[in-house]
Amino acid sequence: MSLPTAERLLKVKETIRRLESRYQRPVGSVRLLAVSKKKSVREITLAANAGQRDFGESYLQEALEKIALMKQQDLNWHFIGPIQKNKTRQIAKHFSWVHSIERLIVAERLSTQRPDHLPPLQVCLQVNIDQESSKSGIQCEQIPSLASALEGLPNLKLRGLMAIPRQSNDIIHQRLHFAQLRVLLEQLNRSGFRLDTLSMGMSGDLEAAIAEGATMVRIGTAIFGTRTTK
Ligand SMILES: *Cc1c(COP(=O)(O)O)cnc(C)c1O
């Protein structure tokens, strides 16, 4: 009944291209992060064989097992889940990107623990743009000081902002939240930062995110199907 992974991936890529054009975004300006949490190496391999390079994971132990098994393939792993202080060493060692920075101590440890032979870890600050729902992410007022502190860390490269807004089926509401994140990034850039990444948009709010300037969308369900919760 459901389409194979490679076909769903292709459909998501086509949707992204269509939305780029509908909202006057440059072709190729939205990068697709395939969120593979709770999905098997077999399923990730199907997507990788279909050309997907960027994969997002939220649970460290599970991610490390998959990364080890898929070492031969040249993939970029993005950490998008909450980070405990004692997990930073493995994240610094095995990931290219971290989207979920919320605390300076975590950022400092990631920078210190980043192995010398790897390029700087690419990071985003996770922002709580609608306080009501999620407990994750920093408040808007905290962004400038944390961003400045991160700029001083040698083995991190601050790329931009990430958010997971409250779920809504209303594209107007979705766009309002994403527009807030875009404005926050613009404010940082006006004050001297040079940030190029808005990590926003999931399977249910992809269109709103692209309309408001997402440069990286994090898509799980639309590529891999629904996740079975443990
Ligand atoms: C699970 C997850 C996604 C993907 O969500 P879908 O609705 O399955 O597309 C995106 N971002 C984060 C941070 C996630 O944890």
Side-chain angles (χ1 to χ4, degrees), residues 2-16 19 30-40 43-44 46-47 50 52-64 66-67 75-84 87 91 95-103 106 121-131 133-138 159-171 173-175 177-178 180-181 197-230:
S2 66
L3 290 173
T5 301
E7 280 180 45
R8 282 193 301 243
L9 176 67
L10 186 63
K11 281 186 68 175
V12 169
K13 287 203 251 189
E14 284 169 356
T15 302
I16 290 172
L19 292 171
V30 181
R31 179 166 165 185
L32 173 60
L33 175 57
V35 176
S36 48
K37 65 186 182 203
K38 304 239 175 94
K39 296 296 170 179
S40 66
E43 290 165 288
I44 300 171
L46 291 172
Q52 180 62 26
R53 283 287 158 272
D54 291 288
F55 291 91
E57 291 281 339
S58 305
Y59 310 106
L60 184 61
Q61 208 45 52
E62 176 195 326
L64 292 176
K66 296 180 201 172
I67 292 171
L75 304 178
N76 303 317
W77 295 95
H78 300 236
F79 196 79
I80 61 174
I83 304 174
Q84 290 158 338
K87 301 289 173 64
I91 294 174
F95 287 80
S96 323
W97 280 73
V98 174
H99 294 233
S100 44
I101 302 281
E102 311 179 73
R103 292 189 291 157
V106 163
L121 190 58
Q122 311 293 301
V123 304
C124 292
L125 293 179
Q126 183 172 350
V127 180
N128 186 347
I129 45 177
D130 53 347
Q131 292 83 343
S133 67
S134 88
K135 283 167 274 337
S136 290
I138 59 172
R159 296 293 298 270
L161 303 177
M162 180 273 231
I164 314 172
R166 174 167 33 111
Q167 280 193 19
S168 158
N169 296 322
D170 180 352
I171 191 167
H173 279 125
Q174 294 172 354
R175 284 190 66 161
H177 287 131
F178 291 140
Q180 266 179 279
L181 197 70
T197 301
L198 277 172
S199 169
M200 58 189 197
M202 316 197 333
S203 298
D205 51 19
L206 175 64
E207 174 165 359
I210 292 178
E212 294 299 342
T215 64
M216 200 163 345
V217 292
R218 309 180 309 268
I219 306 297
T221 310
I223 297 172
F224 295 108
T226 51
R227 290 176 290 275
T228 46
T229 44
K230 289 176 190 164

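Heads up: numbering here begins at 1 and tracks the sequence. Predicted model, so just to flag it, every value in this text is computed and none were measured. In each ligand, atom 1 is the first atom listed, and ligand 1 is the first ligand listed.
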*Examine distances only and state if a side-chain atom of Gln126 and a backbone atom of Leu161 form a donor-acceptor pair shorter than 3.5 Å.*
no
*Do ligand 1 and Gly204 have nitrogen or oxygen atoms that lie under 3.5 Å from each other?*
no
*Between Arg227 and Gly220, which heavy-atom pair has the shortest distance, and what is it?*
NH1-CA, 4.1 Å
*Nearest-neighbour protein heavy atom for atom 9 (O) of ligand 1, which is reported as residue plus atom name and distance*: Ser203 OG, 2.5 Å
*Can Glu62 and Lys37 be counted as an ion pair, charged N to O under 4.0 angstrom?*
no
*Is it true that atom CG of Asp170 has more than 12 heavy atoms of other residues, nucleotides or ligands lying nearer than 6.0 Å?*
yes
*Numbering the atoms of ligand 1 from 1, which are under 4.0 Å from a heavy atom of Arg218?*
4 (C), 9 (O), 10 (C), 11 (N), 12 (C), 13 (C)
*For atom 5 (O) of ligand 1, what's the nearest protein heavy atom and its distance?*
Met202 CE, 3.7 Å
_Protein residue, atom and distance nearest to atom 8 (O) of ligand 1, heavy-atom basis_ = Thr221 OG1, 2.5 Å
*If hydrogens are left out, which of Ile223, Ile164, Ile219 has an atom nearest to atom 13 (C) of ligand 1, that is, the closest non-hydrogen atom?*
Ile164
*Quick one: does Arg227 get within less than 4.0 Å of ligand 1, heavy atoms only?*
yes
_Sub-4.0 Å heavy-atom contact, Ser58 with ligand 1_ = yes
*Number the atoms of ligand 1 from 1 as they appear, then name those within less than 4.0 Å of a heavy atom of Ile80, with their elements.*
11 (N), 12 (C), 13 (C), 14 (C)
_Less than 4.5 Å apart, side chain to side chain, heavy atoms only: is that true for Arg218 and His99?_
yes
*Is the side chain of Lys13 donor-acceptor paired with the backbone N or O of Leu32 at a distance under 3.5 Å, no angle test?*
no
*List the steps, then state whether ring pair (Phe, Tyr, Trp, His ring centres under 6.0 Å) holds for Trp77 with Phe95.*
CA-CA 5 Å; Trp77 295 95; Phe95 287 80; 7.1 Å; no
*At a 4.0 Å threshold, what atoms of ligand 1 neighbour a non-hydrogen atom of Lys37?*
1 (C), 2 (C), 3 (C), 14 (C), 15 (O)
